[in-house]
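Report on the structure given below.
Only a predicted model underlies this, so the values are computations on that prediction, with no experimental measurement involved. A, B, ... follow the sequence lines: proteins, then strands. Residue 1 opens every chain.
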Amino acid sequence: MKKIHYDHAEIEQRWQKTWEDLDLFQNQVIANPQNKQYLLFAFAYPSGSGLHVGHVESKTALDMLVRFSRMQGKNVYFPVGWDAFGLPAENYAIQTGVHPAETTKTAINTFRKQIKRLGISYDWANEIATSHPEYYRWTQWLFLQLYHKSLAYQDSGAVNWCPSCQTVLANEQVVEGQCERCDSLVEQKNLKQWYFKITDYRDELLNGLENLDWPEATKQHQRHWIGKAKGLSIDFKLKENNQTLTVWTKFWETVYGVTFVVIAPEKFEELELGKLIDSDKKKAVEEYLDQAKHKTEEERRIGEKDKSGVDTGLTVINPVNGQGVPLLIADYVLMDVGTAIVMGVPAHDERDFEFAKKYNLNITQVISYEDKEFDSQVKNQERSFAGRGVLINSGRFDGQDSWGEGKQNVADWLIEQGLARWETTYKLRDWLISRQRYWGTPIPIVYDPEGQPHPVKEEHLPWILPTDVDFNPKGESPLKSSREFIERTERLYGKGWRPEFDTMDTFVDSSWYFLRYLDARNSQEFASKDKLKTWLPVDLYLIGPEHIVLHLLYARFFTKFLRDEGYLEIDEPFNKMRHQGMILGPDGKKMSKSKGNVINPDEIIQKFGADALRIYEMFMGPLEADKPWDDRAVAGVARFLNRIYNLAQEETTNKTEPTLERKLHQTLKKVTEDLLVLKLNTAIAMLMECVNQWEKLSRESNIGVLTKEDLLIFIKILAPFAPFLSEELYAQITGTTESTGYQGVHVQVWPEFDAKLAQEEQVMIAVQVNGKVRAQLAVERQQVGDQVKILDLAKTNPEVEKWLADKIIIKEIYVPGRIVSLVAD
RNA sequence: GCCGAGGUGGCGGAAUUGGUAGACGCGUAGGUCUCAAAAACCUAUGAAGGCAACUUCGUGAGGGUUCGAUUCCCUCUCUCGGCACCA
């Protein structure tokens, strides 16, 4: 039969229009808890460059699962929206003068069009954009709820400042001392800013991870970020005035080895220790404090190699042995770790060792090691070592295991003596949400003429983002340039009142969007309790691994807060979460415009069709892996689809070829199982195997090889993968017309798997002799369980006999249906 | 330095979680069709040896457990992510 190329463009456009006219899969949020499935894709920032192949990957993967679930009779909700506030649109506005609202709208329209072309079956009825007043009104409402509970508060202190973005950043947005977005070196500034008190939930955020079905690596990451550490706070006394200086340590067993104490510059000032210093030291100390204050992030990093500090001339008493040791100031001690005062144990800590060497401080070994070389190196003050050993020079604890009884006994004793207590520290700090940028949600706060903050009244929400604004960065919030904003505030609150000019971190917007999805047009509340109760939690969240600490932590925090406020009944928003990998350029590198290795999905759709693009991206490899693009492999997928199209044109028969029927049911089984665990690459491979066999049999036969029913089974299991082609073929075969109402493949029931039909009649059993496969036995299915017979068959097989000649069998193993293993000597 | 993921043909990747390594796709070679090409289809395709049936080797390296290891254990090595002066 003559092979034709089916017209993918025509078919795809026609069905896209039909589905849209029918409002297929729209308005799926109904309060029906039966069989509910809330499937969530991390909503995207609508960038001006449009959809890229990475977007296609995650959207398509979930769409396949969604279509499959629907056919399985699940009540599926699959919403869509836009993380529409953000810097790129604002930066573009600075360059071109085009208002961010304009560019955002255009970008969303482009994305929407592209997504529809891909055949993603989103429910558009609850589409949201975080920049829409009816959305950010509730972001502001949430801020106010936090404010009323004192979980949103204002504080001044050192903050991370990006000189290029002209805004402060959250700790989470500083990567290696650089701005996450533009890689500028981050500076420290003292500013009064708004914070969310996420630390109130730190223990729950940590413990809640336990039962989540998330990738273990992601959970581990969040644990590290929260950074809970149990240690001992030990009180040292200042000799000069008996003032207590508390150090915090995880290595208290080395306390007898303390030969100095180091304090962070900021802490030294906070405790006002300067006044105790002798005049001869005063100048050096003041100089050091001044210099430390002005160190840039870059200089500090250089300092990693060369530690600096200054002796205060003050003496600290080690409580365990009464020894007086010097107090030094050094900026390698960080203000926000522990108590910002560190006990210096140079024999057993690398940093302390370095510091001691540089400033000629004493070194006392208090742990001896089994390894003689190590031990003598430490003894000779050539290096430090932090491994396990036996305590020495440690009074009553000498001879005890430094990681076992010794560690325990030292702690017990210190606590008993009232010298120390357990203290748990965390790395997680409160979330700084103020941003000195325009394109974001305005913080709903106004200041009275005395400068005291007050919440914007709820009836004034949404607290609209003004439009008469000069975007050009001047180191302060662009909103200050809006006359309307100030006039509005004075009109509503009184003369001399001023609005808060900062906007919120866009991560605030995205921390609760999955809640708004459930009731996006509700003007009375952020979502009705009924719908929240019905649909939460999210059943599967597919999100890039780049959101591990930021978004996922914040969203969990919001969920827990709203639960405590009585709005939600769940503790965790996303019980099951998976990551999609990155699609790399053909060169195996991350796609970027500057590298010129970007693949445009529109071009692929035009050339090969949306179905081919969808299937290719899923066929590339495991969803979670990073995979390089291969242009030629897309053509292979297009070929696969074309073969299906041509085979489906052939006549059907009244009895399916038995081997093909078997293959079809094996395929049904494999595809069903793989879809449930998102192993889409192997599901597609199985579909290909099935088609290969179908084609082979069809070639060898003059008449049809498939019944109409079996053909329809194949089309149905193809439907989640290739929604357009399967819809077309289904319509062709069943002859349904629009007049009968929509009866297309996407509302059909997923076929039932028949184990009997999938079973092979003959099973191939391999025979190993001394671990090497030497023969294959074709065994009737009924005989597989007959061990005696199978072993007999194996031993009398001529191939096997050859290898058994002159040998005695000493062991026989039969794994039913798989393998016979004979051991002979 | 620490934490995490990983290393399988020329390439992307499979492998029922201890049971025939290399499914499926790409690429390559030869062929069919064609005046020719493209497209499409067929056959072969881990490496080495052999005319051949066949044999040996082979999942980053080395060792171990086992009748049997890509899979489990130990040591090492390389790659990719992340964190990092965290006391």
Side-chain angles (χ1 to χ4, degrees), chain A residues 2-5 175-177 215-221 223-225 227 229 231 247-252 254 262 264 300-301 303-307 330-334 336-345 349-352 354-355 386 425-427 545-546 548-549 582 584 588 615-616 619-622 624-637 639-640 642-643 646 670 673 679 681-692 695-696 699 764-776 809-824:
Chain A
K2 184 100 179 70
K3 305 271 173 179
I4 61 153
H5 288 276
V175 180
E176 290 184 9
E216 199 43 50
T218 305
K219 291 201 219 177
Q220 201 56 31
H221 218 104
R223 286 191 196 105
H224 280 300
W225 192 263
V247 306
W248 181 83
T249 180
K250 288 192 284 190
F251 308 105
W252 55 83
T254 63
V262 207
R300 272 204 146 174
R301 286 152 76 57
E304 273 180 45
K305 289 175 201 112
D306 186 25
K307 298 195 183 348
D331 63 3
Y332 81 86
V333 179
L334 303 176
D336 40 26
V337 180
T339 56
I341 307 174
V342 175
M343 59 182 214
V345 187
D349 182 281
E350 214 184 308
R351 291 153 305 170
D352 294 347
E354 233 179 275
F355 193 68
T425 64
Y426 297 81
K427 231 172 92 178
E546 68 276 14
I548 284 172
V549 278
M582 213 187 324
L584 308 170
I615 293 178
Y616 169 63
F619 185 58
M620 291 170 86
E624 64 280 5
D626 293 343
K627 300 145 290 212
W629 185 269
D630 182 353
D631 263 320
R632 292 175 297 202
V634 197
V637 171
R639 248 191 314 268
F640 161 69
N642 206 55
R643 278 167 35 210
N646 279 288
K670 176 80 175 154
E673 288 168 356
K679 285 175 75 174
N681 54 333
T682 47
I684 293 164
M686 190 63 179
L687 286 167
M688 287 173 170
E689 277 188 55
C690 186
V691 170
N692 288 348
E695 193 171 53
K696 186 161 182 263
R699 193 166 53 236
M764 296 304 280
I765 295 174
V767 183
Q768 289 186 342
V769 179
N770 287 341
K772 288 206 157 116
V773 177
R774 297 303 184 185
Q776 299 284 338
I809 296 176
I810 49 178
K811 196 165 184 182
E812 306 174 351
I813 294 149
Y814 174 52
V815 183
R818 297 208 194 283
I819 204 161
V820 172
S821 187
L822 302 173
V823 189

A:N692 side chain near A:R643 side chain, heavy-atom distance below 4.5 Å: yes
Touch class at under 4.0 angstrom, heavy-atom based, for A:K679 against every strand present: sugar-phosphate
Would you indicate whether the side-chain heavy atoms of A:N681 and A:P622 approach each other to under 4.5 Å? yes
Between P on B:G68 and NZ on A:K772, what's the gap in Å once rounded to a whole number? 11 Å
Reckon A:V823 touches a base, only the sugar-phosphate, or nothing at all at heavy-atom distances under 4.0 Å? sugar-phosphate
Strictly by Watson-Crick or wobble contacts shorter than 3.5 Å, is anything paired with B:C80, and which nucleotide is it? B:G4
Please state the P separation for the pair B:G19 and B:U70 - nearest whole angstrom. 11 Å
Non-hydrogen side-chain atoms of A:W248 and A:T425 separated by less than 4.5 Å: yes
The side chain of A:R774 is closest to which nucleotide in this list: B:C85, B:U56, B:C57? B:U56
Would you mind telling me which residue lines up with the more 5' stretch of RNA chain B, A:V342 or A:H224, judged by nearest nucleotide? A:H224
Identified pairing partner of B:G10, criterion: Watson-Crick or G-U wobble below 3.5 Å: B:C26
Once you round it to whole Å, what is the distance between C1' of B:G4 and CD of A:E624? 15 Å
Nearest of B:G19, B:A23, B:C85 to any side-chain atom of A:V815? B:G19
Using a 4.0 Å heavy-atom cut-off across all strands, classify A:M764 as base, sugar-phosphate, or nothing. base
For A:R351 and B:A87, what is the distance between atoms CZ and P respectively, to the nearest whole Å? 6 Å
Looking at B:C3, B:G25, B:G82, which one has an atom nearest to any side-chain atom of A:H221? B:G82
Could you check which nucleotide pairs with B:A21 in any of the strands shown, counting Watson-Crick or G-U wobble with both distances under 3.5 Å? none
Can you tell me which nucleotide in B:C26, B:G12, B:G4 comes closest to the side chain of A:A217? B:G4
Within the 4.0 Å heavy-atom criterion, would you say A:N692 contacts the bases, only the backbone, or no part of the nucleic acid? sugar-phosphate
So what does A:N681 hit on the nucleic acid, given a heavy-atom distance under 4.0 Å: a base, only sugar-phosphate, or nothing? sugar-phosphate
When the distance from CD1 of A:I809 to P of B:G68 is rounded to whole Å, what number comes out? 16 Å
Base paired to B:U16 (Watson-Crick or G-U; both N/O distances under 3.5 angstrom): none
With the side chain of A:H5 defined as its heavy atoms from C-beta on, choose the nearest nucleotide among B:A87, B:A15, B:A40. B:A40
Nearest whole Å is fine: how far is B:A69 C1' from A:I813 CD1? 14 Å
Under 4.0 Å between any heavy atoms, over every strand shown, what does A:K427 touch: base, sugar-phosphate, or nothing? Just pick one. base
From the set B:A39, B:G4, B:A87, return the single nucleotide nearest to any side-chain atom of A:Q220. B:G4
B:G50 versus B:U56 - spacing of their C1' atoms, nearest Å: 12 Å
Over all heavy atoms of both residues, which pair between A:D352 and A:M343 is shortest? Give the atoms and the distance, please. OD2-O, 3.5 Å
Assign A:D626 to base, sugar-phosphate, or nothing according to its heavy-atom contacts below 4.0 angstrom with the strands shown. sugar-phosphate
According to the Watson-Crick and G-U wobble definitions, with both distances under 3.5 Å, which nucleotide is paired to B:G58? none
Do A:R818 side-chain and B:U20 base share a donor-acceptor contact under 3.5 Å? no
I'd like the P distance from B:G10 over to B:C78, given in whole Å. 23 Å
Under 4.0 Å, counting only non-hydrogen atoms across every strand here, what does A:R632 touch: a base, just sugar-phosphate, or nothing? sugar-phosphate
Base orientation of B:G9, chi within 90° of 0 counted as syn, else anti, reads syn
Minimum-distance nucleotide to A:I819 side chain [options: B:C24, B:C26, B:G19]: B:G19
Is any side-chain heavy atom of A:R774 closer than 4.5 Å to a side-chain heavy atom of A:V767? no
B:C85 - base-pair partner by Watson-Crick or wobble geometry, distances under 3.5 Å: none
So what does A:R223 touch, heavy atoms closer than 4.0 Å: a base, only the sugar-phosphate, or nothing? nothing
Heavy-atom closest pair, residues A:W252 and A:T249: CE3-O, 3.6 Å
For a quick check of understanding: with a heavy-atom distance under 4.0 Å over all strands, which category does A:E812 fall into, base, sugar-phosphate or nothing? nothing
When both distances are under 3.5 Å in a Watson-Crick or G-U wobble arrangement, the nucleotide paired with B:A37 is none
Looking only at atom types and distance, does a side-chain atom of A:D349 sit under 3.5 Å from a main-chain N or O of A:A386, one as donor and one as acceptor? no
For nucleotides B:U34 and B:G27, find the distance between their C1' atoms and express it as a whole number of Å. 25 Å
Test item: A:V342 and A:V247 side chains (from C-beta on) under 4.5 Å apart, heavy atoms: no
At under 4.0 Å between heavy atoms, what does A:P545 touch on the DNA or RNA strands: base, sugar-phosphate, or nothing? nothing
In whole angstroms, the gap separating P of B:C24 from CD of A:E695 amounts to 13 Å
Quantified in whole Å, what is the C1' atom distance between nucleotide B:C2 and nucleotide B:U55? 49 Å
Find the distance A:E673:CD to B:U17:P and express it as a whole number of Å. 11 Å
Across all strands, who's sitting opposite B:U66 as a Watson-Crick or G-U wobble pair, both distances under 3.5 Å? none
Check whether the side chains of A:Y616 and A:D631 place a donor and an acceptor atom closer than 3.5 Å, and report yes or no. no
Distance, C1' atom - from B:U20 to B:G46, rounded to whole angstrom: 16 Å
Taking the P atom of each, how far is B:U8 from B:C80, in whole Å? 14 Å
Please confirm whether the shortest side-chain N or O distance from A:R699 to OP1 or OP2 of B:C41 is below 4.0 Å. no
Expressed in whole Å, how much space separates the C1' atoms belonging to B:A15 and B:A21? 7 Å
Could you check if the base of B:U56 is syn or anti? Syn means the glycosidic torsion is within 90 degrees of 0. anti
Go nucleotide by nucleotide along RNA chain B from the 5' end; which of A:K627 and A:V337 gets its closest nucleotide reached first? A:K627
On the nucleotide B:G68, are OP1 or OP2 found under 4.0 Å from the side-chain N or O atoms that A:N770 carries? no
Is there, by distance only and without an angle test, a donor paired with an acceptor across the side chain of A:Q768 and the base of B:G19 below 3.5 Å? yes
Could you check how far CG of A:D352 sits from P of B:C85, rounded to whole Å? 15 Å
Least distance between heavy atoms, A:P628 atom then A:G588 atom: CB-CA, 4.1 Å
Answer with base, sugar-phosphate or nothing: what part of the nucleic acid does A:D630 contact at a heavy-atom distance below 4.0 Å? sugar-phosphate
